[in-house]
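One-based numbering, in listed order, for ligands and for the atoms of each.
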Amino acid sequence: MDVKRIRLDFPMLQGSAGNKSITYLDNACQSLRPKQVIDAINSYYLKSSACSGRSMHQLAAEVTRGVDQARGTIAKCLNAIKKEEIVFTRNTTEGINLVAHSLGLRSGDTVLISDKEHNSNLIPWQMLAKKNGIRVKIVPSKPDNTFDLDAYRTMFDKRVRLVSFGMTSNLDGVSIPAADVIKIAHQAGALVMLDAAQTAPHKAINVKALDVDFLAFSGHKMLGPSGIGVLYGKYSLLERIDPFLVGGDTVSSSTYETCEFLPPPEKFEAGLQDYAGIIGLGAAVKYLQDVGFDAIQKQELLINEAISAEIKDIPGLRLIGPADPHLRSGIVSFYIDGIDSHRIALMLDQMAAVMVRSGQHCVHSWFHAHQIKGTVRASSYFYTTLEDAALFTSSLKKIIKVL
Ligand SMILES: Cc1ncc(COP(=O)(O)O)c(C=O)c1O
């Protein structure tokens, strides 16, 4: 992969951030956007700024075509059986909430989650526990934070209706063995929801081969616009479950007393949609496919290996997750005994314009359970260079000396 050439596509890496040279290592939070995506968003506002579906005029037809095309691109990328299995949401959080509120879970029904879920895959289930009396059971990870299939197997009883796991953790970059997880759940009669917020940007996902029931991700971590996301669902399930948000565009007709819902995905896409976001996300997915997920992973591993090798002997540095960078995708998350992670992040930014994330990364529950205050998280993407990695590690070492 020609990283130098690829970087030319990203205005933020070409000085658009006030002509400053930046080292952006906060990709697990949000990625940068290439001009192809920005152009697609602009093109909607400049050339076809109308709504899809509702009106008969040519602008509306063009938007409908753009939305259809984006849905098709995403469906193909995920190897979905049909594009109607792709529901546009605002983000991963909305996708998980949609499933949580639509499945009709009742008192005593059990949902399995892991011990290191993002709040977006924890709080919706906690709320259902309060409101509907569902039970939430936590599958413990192994001591190195990798998935414990044996522990997972023992968690099933007849009441487990759903398994909902982060496919790749934003805490440490560790992925779960998704195919095994799904097989075991299905054998026990449970459905599976995967939070793919940290997977979809980095790895090819084949929903058909995985046989996953629901899968959610966000555009903003994979070159797409903010405020647009996707929920994939098997069509037969989408047909069966009730919509979560209802109103305009979800029905074919209504009387004062009742209504007729449209088939999926329309029945889930309530109100006027973020057309620029959808078209921009389609452009983002196309860009990622052109680069290729194998090349993306290769570059991320190169960076993770370089950073991991440089920091491994820093006294007092505790890495979260397994030592092997192959198991941590593009994420290096650590804390240093006695040093506040926010201070490190602030100094990296001020000294060298190296941008990382610090704190508890919306996985507060894991930090409370482990009595750790927070970590510094450096997360790369395919446009990250070895020079970026070197600047990060050398700046970190300087900072540790002065703190
Ligand atoms: C693993 C994981 N799940 C869910 C989310 C929530 O994503 P969003 O805020 O786009 O809904 C994130 C965001 O950081 C994440 O990393």
Closest protein heavy atom (residue, atom, distance) for atom 16 (O) of ligand 1: Gln198 NE2, 2.7 Å

Just heavy atoms, cut-off under 4.0 Å: does Asp195 contact ligand 1 by side chain, backbone, both, or neither? side chain

For Ser218, take its heavy atoms, then give the atoms of ligand 1 lying under 4.0 Å from any of them. 7 (O), 8 (P), 10 (O), 11 (O)

Treating Tyr152 as the side-chain partner and Ser114 as the backbone partner, does any N or O pair qualify as donor plus acceptor under 3.5 Å? no

Return the residue, atom name and 0.1 Å-rounded distance of the protein heavy atom closest to atom 15 (C) of ligand 1. His118 CD2, 3.3 Å

Would you compute the distance between atom OG of Ser43 and atom CD1 of Ile279 and round it to the nearest 0.5 angstrom? 7.5 Å

Quiz question: by atom type and distance under 3.5 Å, do the side chains of Ser164 and Asn121 form a donor-acceptor pair? yes

So, is Ser120 polar-close to ligand 1, with some N/O to N/O distance under 3.5 Å? no

Checking contacts here: is it the side chain or the backbone of His361 that comes within 4.0 Å of ligand 1, counting heavy atoms only? Could be both or neither. neither

From OH (Tyr381) to CG (Asn27), nearest 0.5 Å: 8.0 Å

Is it true that Met167 lies under 4.0 Å from ligand 1, counting heavy atoms only? no

Any ion pair linking Arg153 and Asp150 (charged N to carboxylate O, less than 4.0 Å)? yes

Which of Glu85, Glu269, Glu266 passes salt bridge (charged side-chain N to carboxylate O under 4.0 Å, His left out) with Arg71? It is Glu269

Using distance alone, decide if ligand 1 has a nitrogen or oxygen within less than 3.5 Å of any nitrogen or oxygen in Lys221. yes

Look at the side chain of Arg33 and the backbone N and O of Ser31, then say whether any donor-acceptor pair between them is shorter than 3.5 Å. yes

Tell me: protein heavy atom nearest atom 11 (O) of ligand 1, and distance? Thr93 OG1, 2.5 Å

